[in-house]
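Model, not experiment: these values are computed from the prediction. The sequence lines fix the lettering, A, B, ..., with proteins before strands; numbering per chain opens at 1. Values below: all heavy atoms of this structure, side chains included; hydrogens, waters and symmetry mates excluded.
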Protein chains: 2
Amino acid sequence: MRISEASTQSGLSIDTIRFYERSGLLPPVERGPDGRRRFSAVDVDWLTLLASLRGTGMPMKTMRHFADLYRQGDKTVPQRREVLLEHANHLERQRNALDRCAEILTYKLKRYDEITEDAV
Amino acid sequence: MRISEASTQSGLSIDTIRFYERSGLLPPVERGPDGRRRFSAVDVDWLTLLASLRGTGMPMKTMRHFADLYRQGDKTVPQRREVLLEHANHLERQRNALDRCAEILTYKLKRYDEITEDAV
DNA sequence: TACCAAGCTGGAGCAGCTCCAGGTCAACCC
DNA sequence: GGGTTGACCTGGAGCTGCTCCAGCTTGGTA
C-alpha cells in the first residue's frame, strides 16, 4: 500500500513516517518500479506500534534501540521485554499525572462555577 | 523563596522556570536587592499548575493564552473555564491512548513470555 | 580575604516533528 | 499526443519546548 494509506492506518503523518524511516526506526521500506514506497501489512503493524509507543512518551532513542533489538531476532526477546516492561511502568506514572491534573481541573472548575453563580 | 526551592516545589527545572518567565507564562517575578528572583507562594502555586498542564500535554501557546486571561481578572472566568474544560477532554483522550498502549504491551509481553518458555 | 555555591543573562544545541520548494511519475481528459 | 491534476519524492529550513553552557555577580562561610 501507498504511504497515504499507511499514514491513515497507523495514525502517523506522512512526514513522520518518512522521518522515522530516515531515523532508522523502521527498516528501509520497499519501493515500487516508480520509486515510491510500498508498505506491507507488517510495516503498518510496526508503524502502529511505534505510534502507540511515541504517543505515550517513549523517546525516539529508546524506540531506535527497540527496533535494533527487533532486527536481531528472537535472541533479543529478553531485552525487548525489559524495554516494554519499563514503558509499562512509565504508562502508570503518566496515568498518575493525568489523575492529579484531572483533580486540579475539577477543583478549579468548581471554583469557577461558584464565582459565576455569585455574580448572577 | 529562591528559584531552587521553587523548582523543587513545583517540579519544574530551574531553567524551565526562567524560560517560562521569559515566555510570559508567569508575570515577571519579584527580585531581591541582590537582583535574584524571590518567589511567593502564589508564584509557586501558579508554577505547579503550569507543570501539571504542561506535563499532560497542554501547548505553551494555550498556557500563555490562559495566563493572559488570568491577568485580566474575574471577567475572563468563562473563557478560562472553556480552556480547562477542553483540557479535561484532552486528558480523557490521553487516558484512552494510555489504555490502548497498555493493552498492546500486555499482549506483546505475553507473547514474549511464551517464546521464552518454548525455548526452555 | 579568599573561596565556593547559587544565581544571573544571552545564546547555542537538541529532540521531534512539520512544512516547503522544486521535481518525478501515473492517470485521466480532450 | 498534449495538458492538467494529484500523489509522491528529496533535501533542507523552521518550529516548539526545553536544556545546557560560558562567563559574570553576589552572599555566606572559614
Length of the line joining [X]:[atom1] and [N]:[atom2], which is rounded to integer Å:
X	N	atom1	atom2	value
A:Ile3	C:dC25	CD1	P	18 Å
B:Phe19	D:dT19	CZ	P	10 Å
B:Glu5	C:dG7	CD	P	10 Å
B:Arg22	D:dT16	CZ	C1'	14 Å
A:Asp15	D:dT16	CG	C1'	16 Å
A:Ile17	D:dA7	CD1	P	15 Å
A:Met58	C:dG16	CE	P	12 Å
B:Arg2	D:dT26	CZ	C1'	10 Å

Looking at side-chain heavy atoms only, is the closest gap between [X] and [Y] below 4.5 Å?
X	Y	result
B:Glu114	B:Lys110	yes
A:Arg80	A:Asp74	yes
A:Thr48	A:Gln9	no

Exercise. How is A:Ser23 classified with respect to the nucleic acid when contacts are heavy atoms under 4.0 Å: base, sugar-phosphate, or nothing?
Worked result: nothing
Exercise. Does a side chain donor of either B:Asp43 or B:Ser40 reach within less than 3.5 Å of an acceptor in the other side chain?
Worked result: yes
For this session: Could you verify whether a donor N or O on one side chain and an acceptor N or O on the other, from B:His87 and B:Thr56, lie under 3.5 Å apart?
Result: yes
Problem set entry | Below 4.0 Å: OP1/OP2 of C:dC17 and any side-chain N or O of A:Tyr20 | yes
For this session: Ignoring backbone atoms, test whether B:Arg18 places a side-chain nitrogen or oxygen under 4.0 Å from the OP1 or OP2 oxygen of C:dT9.
Result: no
For this session: Determine the sole option in B:Arg31, B:Arg38, B:Arg37 for which the salt bridge (Lys or Arg N to Asp or Glu O under 4.0 Å) test with B:Asp34 is passed.
Result: B:Arg38
Exercise. Considering only side-chain heavy atoms of A:Ser4, which listed nucleotide, C:dT18, C:dC17, D:dA7, is closest?
Worked result: D:dA7
Problem set entry | Which nucleotide in D:dC18, C:dT18, C:dT9 has an atom nearest any side-chain atom of A:Thr16 | C:dT18
Exercise. What closest approach, in Å, do B:Met58 and B:Val83 show between heavy atoms, and which atom pair accounts for it?
Worked result: CE-CG1, 4.0 Å
Exercise. For DNA chain D, what residues of residues 30-53 of chain B have any heavy atom nearer than 4.0 Å?
Worked result: B:Asp34, B:Arg36
Got a list of side-chain donor-acceptor pairs under 3.5 Å for residues 64-72 of chain B, not counting sequence neighbours?
| from | atom 1 | to | atom 2 | distance (Å) |
| --- | --- | --- | --- | --- |
| B:Arg64 | NH1 | B:Ser23 | O | 3.2 |
| B:Arg71 | NH2 | B:Gly24 | O | 3.2 |
| B:Gln72 | NE2 | B:Asp68 | O | 3.4 |

For this session: Give me the residues of residues 59-68 of chain A where at least one heavy atom lies under 4.0 Å from an atom of DNA chain C, by number, or none.
Result: A:Pro59, A:Met60
Exercise. For B:Glu92, does the CD atom sit with more than 12 other heavy atoms under 6.0 Å from it, leaving out its own atoms?
Worked result: no
